[in-house]
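First up is the structure itself, then whatever we jot down about it.
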Amino acid sequence: MKKLSTLHVLNGDGTMPVFTTANIPGKVLVWREVLSEGPAVASLPEQEFWQQRQAYITATYLESPEGYQEKVLQELPKLRASGGMFEVVLWFDADLMCQVNLLYLLHHLSRQHPKIISICTPPPGQSIGLMKPKELQQLFENRLQLSDSQQKQAHAIWLLYASPDPLELQRYLTENIILLPHLQQALHLHLRRFPDCGNGLNYPERVLLELLQTERFTKEELLKKFWETESGNGYGYGDSQLEHILQRLQPAIDQEENHLTISTVGKQLLQGKKALVPESKWLGGVLIKPADFYCFDDKSQLLQKS
């Protein structure tokens, strides 16, 4: 009897050791992109989409063009050939970074049409790469096989995430039942990455300043404390993303020897007496500009045009 072909898409190199030990059969593609960070513009032709991604990753994370080619672009043909697979299994955590990658992959697979698409996602707060081999095997046995309606909705939501109008995404999330288990919460956290309408802080920036308001920390202690919060864990940020946030918050943070404390400016920001000018940056398909941007209203918990 012919063995049914399976492609496993893993959420980064950190998952590979435990996946190998778990001895789950099938071919493997390691997904190394972080599509939650930087531009993700659905209207671009595919070649231009990846050129823009390469430019962002090489500039932001100091990756070489050759490294990006090897780690990301050379893996894409495996994805394009997935239509010949019986099953594609997507191994991604519940946090925002993983969920955005998952959305893109489901969008892409909607054009390849493998017979079955399944998802392996542990409960929020757990990481696939830190699981034991037996736990990974159990997660695989209990994988979620997606229905046509789940796949179609994921495709539609990706197009909204990667569009220039985040209010359309917000409207969709408000008016529809989201069929994938962890996507609603992840995309709510995404919308909270837009600057606050009052003080200009996005939610991760506010969480970091609120932590520093309680006590002083070394940088390592502060990052650990952020990851321990429910919202901090929900973003899935690594050192690189948090370092960027801390750099932007420099006027709001004082450093005493090896410890960080909140500055007078930081306290005024949290009190709403000062406002941080939004930085020019991409959030999905939206380019935030200091003079023209969408902002998140804390009272209504909704995004609006500034």
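The structure displayed is predicted, hence computed values, not measured ones. Only heavy atoms go into these numbers, but all of them, side chains included; no hydrogens, no water, no symmetry mates.
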Next item on the list: Would you confirm whether the ring centroid of F217 sits within less than 6.0 angstrom of the ring centroid of H259?
Entry: no
Notebook entry, point to check: Would the number of heavy atoms belonging to other residues, nucleotides or ligands and lying under 6.0 Å from CG of N258 be above 12?
Noted result: no
Item checked: Check: K274 and V265 side chains under 4.5 Å, non-hydrogen atoms -> yes
Check: For the ring pair W50 and Y104, is the centre-to-centre distance below 6.0 Å?
Finding: yes
Next item on the list: Would you indicate whether K152, at its atom NZ, is surrounded by more than 12 heavy atoms from other residues, nucleotides or ligands within a distance under 6.0 Å?
Entry: no
Checklist line | H190-Y235 aromatic ring centre distance below 6.0 Å | finding: no
Next item on the list: May I ask you to check whether E230 and N233 show a side-chain donor-acceptor distance below 3.5 Å?
Entry: no
Notebook entry, point to check: Hey, what do you get for CG (N202) to NZ (K281), rounding to the nearest 0.5 Å?
Noted result: 6.0 Å
Checklist line | Heavy atoms of other groups near E279 CD, more than 12 under 6.0 Å | finding: yes
Margin query: Is it true that S118 and E87 share a donor-acceptor pair across their side chains at a distance under 3.5 Å?
Written below: yes
Item checked: Atom pair CG (L180) and CG (L144), whose distance is rounded to the nearest 0.5 Å -> 7.5 Å
Margin query: Rounded to the nearest 0.5 Å, what separates atom CG in L96 from atom CG in L187?
Written below: 7.0 Å
Margin query: Would the distance check show the side chain of E175 and the main-chain N or O of Y172 forming a donor-acceptor pair, the cut-off being under 3.5 Å?
Written below: no
Margin query: With rounding to the nearest 0.5 angstrom, report the NZ to CG distance, K132 to L136.
Written below: 13.0 Å
Next item on the list: Supply the atom-to-atom distance E33 CD to L76 CG, rounded to the nearest 0.5 angstrom.
Entry: 9.0 Å
Next item on the list: Enter the distance from L73:CG to Q47:CD here, rounded to the nearest 0.5 Å.
Entry: 10.0 Å
Check: Can you pull the salt bridge (charged side-chain N to carboxylate O under 4.0 Å, His left out) pairs that have at least one residue in residues 163-174, sequence neighbours excluded?
Finding: E168-R171
Check: Are there more than 12 heavy atoms of other residues, nucleotides or ligands under 6.0 Å from atom NZ of K78?
Finding: yes
Notebook entry, point to check: Given the rule in the salt bridge (Lys or Arg N to Asp or Glu O under 4.0 Å) test, do D13 and R32 qualify, once you have shown the distances and angles that lead to the verdict?
Noted result: CA-CA 7 Å; D13 292 296; R32 301 181 179 94; 2.9 Å; yes
Note to self: Is it the case that the side chains of Y68 and Q74 hold a donor-acceptor pair, with the cut-off being a distance below 3.5 Å and no angle test?
What the structure shows: no
Next item on the list: State, yes or no, whether a side-chain contact exists between F194 and C295 at a heavy-atom distance under 4.5 Å.
Entry: no
Note to self: If I compare all heavy atoms of G236 with all of M97, which pair ends up nearest, and what's the gap?
What the structure shows: O-SD, 2.9 Å
Checklist line | Residue of the set Q150, H107, H108, R111 for which side chain to side chain donor-acceptor pair (under 3.5 Å) holds with H155 | finding: H107
Check: Any side-chain donor paired with an acceptor under 3.5 Å for W91 and N11?
Finding: no
